[in-house]
2 protein chains.
Amino acid sequence: MKEGPDIAAIAALIGDPARANMLTALMSGMALTAGELSCEAGVTPQTASAHLAKLADARLILLETHGRHRYFRLAGAEVAAAIEGLMELAAHSGHLRTRPGPRDMAMRRARSCYDHLAGAMGVRLHDALVEQGSIVATAHGLGLSPAGRSRFRAEGIDVEALERPGRAPCRACLDWSERRHHLAGPLGSALLSLILDGGWAKRGADRRTILFTREGEERFEKLLARSESAAKPRLVGLR
Amino acid sequence: MKEGPDIAAIAALIGDPARANMLTALMSGMALTAGELSCEAGVTPQTASAHLAKLADARLILLETHGRHRYFRLAGAEVAAAIEGLMELAAHSGHLRTRPGPRDMAMRRARSCYDHLAGAMGVRLHDALVEQGSIVATAHGLGLSPAGRSRFRAEGIDVEALERPGRAPCRACLDWSERRHHLAGPLGSALLSLILDGGWAKRGADRRTILFTREGEERFEKLLARSESAAKPRLVGLR
DNA sequence: CCGACGCTTCGTCACGGAGCGAAGCGTCGG
DNA sequence: CCGACGCTTCGCTCCGTGACGAAGCGTCGG
C-alpha cells in the first residue's frame, strides 16, 4: 500500500501550526501579503518566508508579486476542500482551540469558506435552493435546474459563465460548524460576490466573518423566500 | 484567527508516513490488527503501538480487543472524508509516490473507499443512479427518490434502515483517481456489501482493491442498465 | 538620490518526535 | 502448565525541522 497520493507530505505541510494558521487565514478567499501572513502565523517575517516557500513549492498556494508586496492565495478549491475536511474532522473529534465566544458565534453565523458563504446562513442558502429545486443532483455534481437558471439570471448572475464543460456549477461543501452542507463551486462563489458587491454584507476585521447589514439581511431573506415559494411546487412526498 | 478547529494537530498526526500508511490501509473499511498495521507502516510493533495510541487518543481510530489481538478501524466516515480530501489534493498537486502500474490500474478501476465502492466503477455507479433519478439532491445531502427506493428494495437492500433522521442516505464522495464523484454514505455502503456478499467481487490481496468476477461484472452492468433504462424518463434537456 | 520598507536567504541552535532494543504483561494453544 | 505469540511500555539516541538574528536585495516614496 505504498502507491497513490502521498497524503503524509501534504498533511505534514498543514500540520505545522504556523502554516496551518496561514492556510486558515487564506480560507477567507482573499490574497494576503507575506507580512500579513507572518502576523497570522505569529512568527517573524523570515520564518514566514520559509514557510510560504514550502507551501508554494508544494503548489498549495500561489504567488502574485506587486512591487515589493508579495501576495499569496490558496491555489484552488481543492486546497480549501481538504482544509475544510480537516476542520470537520477536528471539530468532530473535539480538537478545538478555544471556547466558543461572541466572535465564534459570528463565524458560525456567516463566514467565507474560500470563495463562498458558509456558516448557518450558508447552510440555509443551500437548503432553500435545494428544497425548491433550483439546484439538483447530476453526474457532475450539483447542477442548475431550468427554473434555477432563470432565477439566478434575474439576480444578475452570469449563468452561462457558471456552466462550463467538465465543471459542476455548484457543489455541496460540508460545513464544520453546522455539520450540514453549504453551497460551494461557481454558483456559491457568485452568490457571495452578489452579497458582498451588492452591499448586503461586509467582511469582519478578521476578513473571514461575513457581517450582514440590516438591509442586507432582508435582501437575503427575500432571496430565500423567493427561492422557497416560487417556481417548482414543493415535493411533499420526497421527504 | 486562532479560534476554531485545530487542523494543525489533526494534520500533524496524518503527516507522519507511518501513521499515514496505517490510515490509508484502514481506508479499506476493514479492521486490522496492530501487527498488520505495523507491517503496513513498515515499522516495528513497538513503534506501531506508539503511533496507534496517538491516533486512538485523538479519536481518529477505534480499538476493539479480541483476546491478544487488538483490532483498529477508522473512527468514522468523517475520518475517511478528510483523508480522501487530502488524497484529492495530493493527486491534484502532483504528490504521488510511485508511477502508475498494473496494481494501480486495478485500484483505479475499483477499490473500497472506507465502506463504499470507489474508482471508475464507483463513479459509474453514482452517475447511473443520478442520471435516472434514483438519487436526488435534498437539504440533507443526496436522498432517495421513490423510484430509487423501490429499485433498491428489489435488490434486497433494507431501504428503511438507510433513511434515519438526521442522516443522509447517501453522499457524493470525490474520487481522487477519477476526479468525479462516487457514491458514499449508507446506500454506498449497502451497495458495496451487496457486491461483496453477493459474490460479484472479492477483495484483492491488499484488502482495498475490489476484483469483480466475470459474472459479477455482468450483474453490476445489469444493475446499471436497469438503473439507466427503468422508471423515470431521461431528462434530456437537463444536461 | 537615499532612507525606509517588504521580503528573502543564510547560518546556527534547540527541541521534539520517530525509531529501535530491551523488558514485561496478557492471551493462546499444545 | 508453559512456551509461543501479540502487544505495550520504558529508556535512549539521532535526526529533522522550526525558530530567530544577521545580512542582503529590490521597491517605494519623499
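Quick note on labels: first sequence line is chain A, next is B, and so on, each numbered from 1. When reading the values below, keep in mind they use all heavy atoms of this one structure, side chains included, and skip hydrogens, waters and symmetry mates.
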(Q) As an exercise, state the distance from OG1 of B/Thr24 to CE of B/Met22, rounded to the nearest 0.5 Å. (A) 11.0 Å
Q.
Please pick, from C/dC20, C/dT8, D/dA19, the nucleotide with the shortest atom-to-atom distance to any side-chain atom of B/Val43.
A. C/dC20
Q) Looking at A/Arg108 and A/Glu178, does any basic side-chain N land under 4.0 Å from a carboxylate oxygen? A) no
Q: Provide, to the nearest angstrom, the distance between the CE atom belonging to B/Met22 and the P atom belonging to D/dC7.
A: 11 Å
Q) So do A/Ile10 and A/Leu60 actually touch side chain to side chain, heavy atoms under 4.5 Å? A) yes
Q: Starting at atom OH of A/Tyr71, determine the distance to atom C1' of C/dT8, rounded to an integer number of angstrom.
A: 18 Å
Please write out each protein N/O paired with an N/O of nucleotides 11-17 of chain C under 3.5 Å, distance rounded to 0.1 Å.
none

Q.
Pairing check on C/dC15: which nucleotide meets the Watson-Crick or G-U wobble criteria with it, both distances under 3.5 Å?
A. D/dG16
Q: Working to the nearest 0.5 Å, report the span between CH2 of B/Trp200 and CG of B/Leu191.
A: 8.0 Å
(Q) Quick check on D/dC20: is either OP1 or OP2 less than 4.0 Å from any side-chain nitrogen or oxygen of A/Thr47? (A) yes
Q: State the NZ-CD1 distance between B/Lys202 and B/Ile195, to the nearest 0.5 angstrom.
A: 15.5 Å
Q | For D/dT9, the Watson-Crick or wobble counterpart (both distances under 3.5 Å) | A | C/dA22
Q) For C/dT8, does either OP1 or OP2 sit under 4.0 Å from a side-chain N or O belonging to A/Arg70? A) yes
Q. What is the per-nucleotide protein-contact pattern of nucleotides 23-30 of chain D, from the 5' end, where B denotes a base atom under 4.0 Å from a protein heavy atom, S denotes such proximity for sugar-phosphate atoms only, and - denotes neither?
A. ---BBS--
Q: For the residue pair B/His181 and B/His126, categorise the inter-ring angle as parallel (less than 30°), tilted (30 to 60°) or perpendicular (more than 60°).
A: tilted
Q) Hey, is the side chain of B/Thr44 poking within less than 4.0 Å of OP1 or OP2 on C/dC20, counting only N and O atoms? A) yes
Q: Scan every strand shown for a Watson-Crick or G-U wobble partner of D/dT27, both distances under 3.5 Å, and answer none if you come up empty.
A: C/dA4
Q. Nearest-Å distance, CG (B/Leu63) to P (D/dG6)?
A. 17 Å
Q. Should we say atom CZ of A/Arg59 is surrounded by more than 12 heavy atoms from elsewhere, each under 6.0 Å from it?
A. yes
Would you tabulate the nitrogen or oxygen pairs shorter than 3.5 Å linking the protein to nucleotides 12-15 of chain D?
none

Q: Would you kindly compare A/Ala12 and B/Glu36 by the position of their nearest DNA chain D nucleotide and give the one closer to the 5′ end?
A: B/Glu36
Q) How many angstroms lie between NE2 in A/His182 and SG in A/Cys173, if you round to the nearest 0.5 Å? A) 3.0 Å
Q: Could you tell me whether B/Arg70 and B/Glu36 make a salt bridge, using a distance below 4.0 angstrom between a side-chain N and a carboxylate O?
A: no
Q: Measure the distance from CG on A/Asn21 to P on D/dG18 and round it to the nearest whole Å.
A: 14 Å
Q.
Within a 6.0 Å radius of atom CZ on B/Arg109, are there more than 12 heavy atoms belonging to other residues, nucleotides or ligands?
A. no
Q: Tell me, with the steps shown, if A/Gln46 and A/Ser49 meet side-chain hydrogen bond (donor to acceptor under 3.5 Å, both in side chains).
A: CA-CA 5 Å; A/Gln46 49 267 45; A/Ser49 187; over 6 Å; no
**Q.** For atom CD1 of B/Ile61 and atom C1' of D/dC7, their distance in whole Å
**A.** 14 Å
Q. Reckon B/Thr33 touches a base, only the sugar-phosphate, or nothing at all at heavy-atom distances under 4.0 Å?
A. sugar-phosphate
Q: Give the intermediate values and the outcome of side-chain hydrogen bond (donor to acceptor under 3.5 Å, both in side chains) for residues A/Arg111 and A/Ser177.
A: CA-CA 10 Å; A/Arg111 67 180 185 273; A/Ser177 61; 3.0 Å; yes
